Amino acid sequence: MSTGLLILLGERDPAKPAHVGIERAIELFNASTGRALVARWVRTDAIAEEVFSGALSGATGVWCTPGSPYASRRGALHAIRQAREHRLPFLGTCGGFQHALMEYCVSVLGHAAAHAEEDRSATDPLIMKLSCSLAGTHARVLAEPGSWYAEAVAADSSEEFNCNYGMAPGFEPLFTQSALEFVARDEAGQVRVFRLRDHPFYLGTLFQPERRALRGELHPLVRLFLEKAS
């Protein structure tokens, strides 16, 4: 039987539908595949510098969950960096999408990356407050026909959001020559999904694909991620 240890990075809150959806998604995956993927929640303020000798020891995948601002931004960013550098399967949804972009911007591109929710004095934040809130909404997510995302999910899908913050469009040119590519957008052209081309599985979505599990369904991206993590 295939097994694995999936780290759920964040402060678990059973009142958050996304957190319940994540746990339900893992149950659905195990039941449908016969695998025994084990999930362990790890608080961001439990992450020390040498994470692989502690909180992330034995991990076969990392899911940076919704729920920012996290108890420790530094802990979240450090765990994300370790997942990226150790080539662990990684999925960041909502707040995880935002912080994975921040980590890559700072660690790989060498550019400052502020989050407007966490640093209200920031004059040019990478993560900005959306002009139109996506909290509690469904919205279209579009990708080029024949692209990786279109093949994995669809060229045009309706996704569930619960977010007030996203990437500032002015930062997009910074990523142009990097391995991080933007693979899906909304109808206005705003980035909604990214992936790392040179990584076994490293994906961020501003929407919350885990919520489909609340209806008894596994989102294709969640299934792909859990297959890699197990």
Side-chain angles (χ1 to χ4, degrees), residues 4-10 22 37 39-115 118 125-127 148-149 152 165-168 171-184 191-210 221-222 224-230:
L5 173 61
L6 177 60
I7 297 300
L8 304 179
L9 182 64
I22 287 169
L37 182 61
R40 182 172 74 203
W41 283 91
V42 174
R43 292 179 56 89
T44 57
D45 54 6
I47 301 294
E49 292 300 309
E50 297 300 327
V51 292
F52 278 92
S53 61
L56 300 191
S57 179
T60 57
V62 176
W63 189 331
C64 190
T65 68
S68 62
Y70 300 117
S72 170
R73 178 174 61 181
R74 178 172 177 162
L77 294 175
H78 188 65
I80 291 168
R81 179 172 182 171
Q82 293 295 309
R84 179 177 57 78
E85 292 183 342
H86 285 78
R87 299 177 65 77
L88 284 176
F90 173 85
L91 177 61
T93 54
C94 201
F97 164 99
Q98 299 160 15
H99 285 72
L101 279 178
M102 292 168 65
E103 189 281 320
Y104 194 86
C105 190
V106 172
S107 301
V108 179
L109 304 181
H111 196 283
H115 194 304
E118 301 169 356
L126 170 67
I127 306 300
W148 178 89
Y149 188 87
Y165 292 83
M167 191 185 85
F171 278 80
E172 191 166 336
L174 277 177
F175 296 86
T176 302
Q177 301 301 318
S178 75
L180 190 145
E181 62 177 344
F182 303 123
V183 296
V191 173
R192 296 295 178 251
V193 186
F194 70 79
R195 70 188 286 251
L196 276 183
R197 291 189 299 269
D198 59 355
H199 194 284
F201 190 96
Y202 193 98
L203 190 77
T205 72
L206 194 62
F207 59 88
Q208 297 182 347
E210 56 267 39
L221 294 180
V222 173
L224 284 172
F225 168 63
L226 296 180
E227 287 174 349
K228 294 289 186 180
S230 64

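Being a predicted model, the structure only gives us computed values, none of them experimental.
Nearest heavy-atom pair, Ala229 versus Leu37, reported as atom, atom and distance to 0.1 Å: O-CD1, 3.8 Å. In terms of heavy atoms, Cys64 sits closest to Tyr70 at SG-OH, 3.5 Å. Ala59 and Ile7 make their closest contact through CB-CG1, 3.6 Å (heavy atoms, listed as atom of the first residue, atom of the second, distance).
With rounding to the nearest 0.5 Å, the separation of CE in Met102 from CG in Leu77 is 5.5 Å. With values rounded to the nearest 0.5 angstrom, Glu118 atom CD is found 6.5 Å from Ser68 atom OG. Expressed to the nearest 0.5 Å, how far CZ of Phe171 lies from CG of Leu126 amounts to 5.0 Å. Note that OG1 of Thr93 and CD of Glu210 are 3.5 Å apart. Values are rounded to the nearest 0.5 Å. Distance CD/Gln98 to CD1/Ile127: 5.5 Å, rounded to 0.5 Å.
With a 4.5 Å cut-off on side-chain heavy atoms, Leu196 and Tyr104 count as touching. At a threshold of 4.5 Å between non-hydrogen side-chain atoms, the residues Phe194 and Met167 do not count as touching. For the pair Leu9/Leu56, no side-chain contact is recorded, criterion being any heavy-atom separation below 4.5 Å from C-beta on. Residues Ile47 and Ser72 are not in side-chain contact: their nearest non-hydrogen atoms beyond the backbone lie 4.5 Å or more apart.
Side chain of His86 to backbone of Gln82: a donor-acceptor contact under 3.5 angstrom is found.
For residues 172-181, the set of pairs meeting the side-chain hydrogen bond (donor to acceptor under 3.5 Å, both in side chains) definition, not counting sequence neighbours, comprises Glu172-Arg185, Glu181-Arg195. Residue pairs satisfying the salt bridge (Lys or Arg N to Asp or Glu O under 4.0 Å) criterion with at least one member in residues 85-111, sequence neighbours excluded, are listed as follows: Arg81-Glu85, Arg84-Glu103.
Under the side chain to side chain donor-acceptor pair (under 3.5 Å) criterion, Arg197 pairs with no residue, sequence neighbours left out. With sequence neighbours excluded, the residues satisfying side chain to side chain contact (heavy atoms under 4.5 Å, CB included) with Leu8 are Leu6, Ile22, Ile26, Ala39, Trp41, Trp63, Thr65. When the side chain to side chain contact (heavy atoms under 4.5 Å, CB included) test is applied to Ala71, the partners found at least two apart in sequence or on another chain are Glu11, Arg43, Thr44, Asp45.
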Contacts table for residues 198-207: side-chain donor-acceptor under 3.5 angstrom, sequence neighbours left out:
residue: His199; atom: ND1; partner: Phe201; partner atom: N; Å: 3.1
residue: His199; atom: ND1; partner: Phe201; partner atom: O; Å: 3.2
residue: His199; atom: NE2; partner: Leu88; partner atom: O; Å: 3.4
residue: Thr205; atom: OG1; partner: Phe207; partner atom: O; Å: 2.8

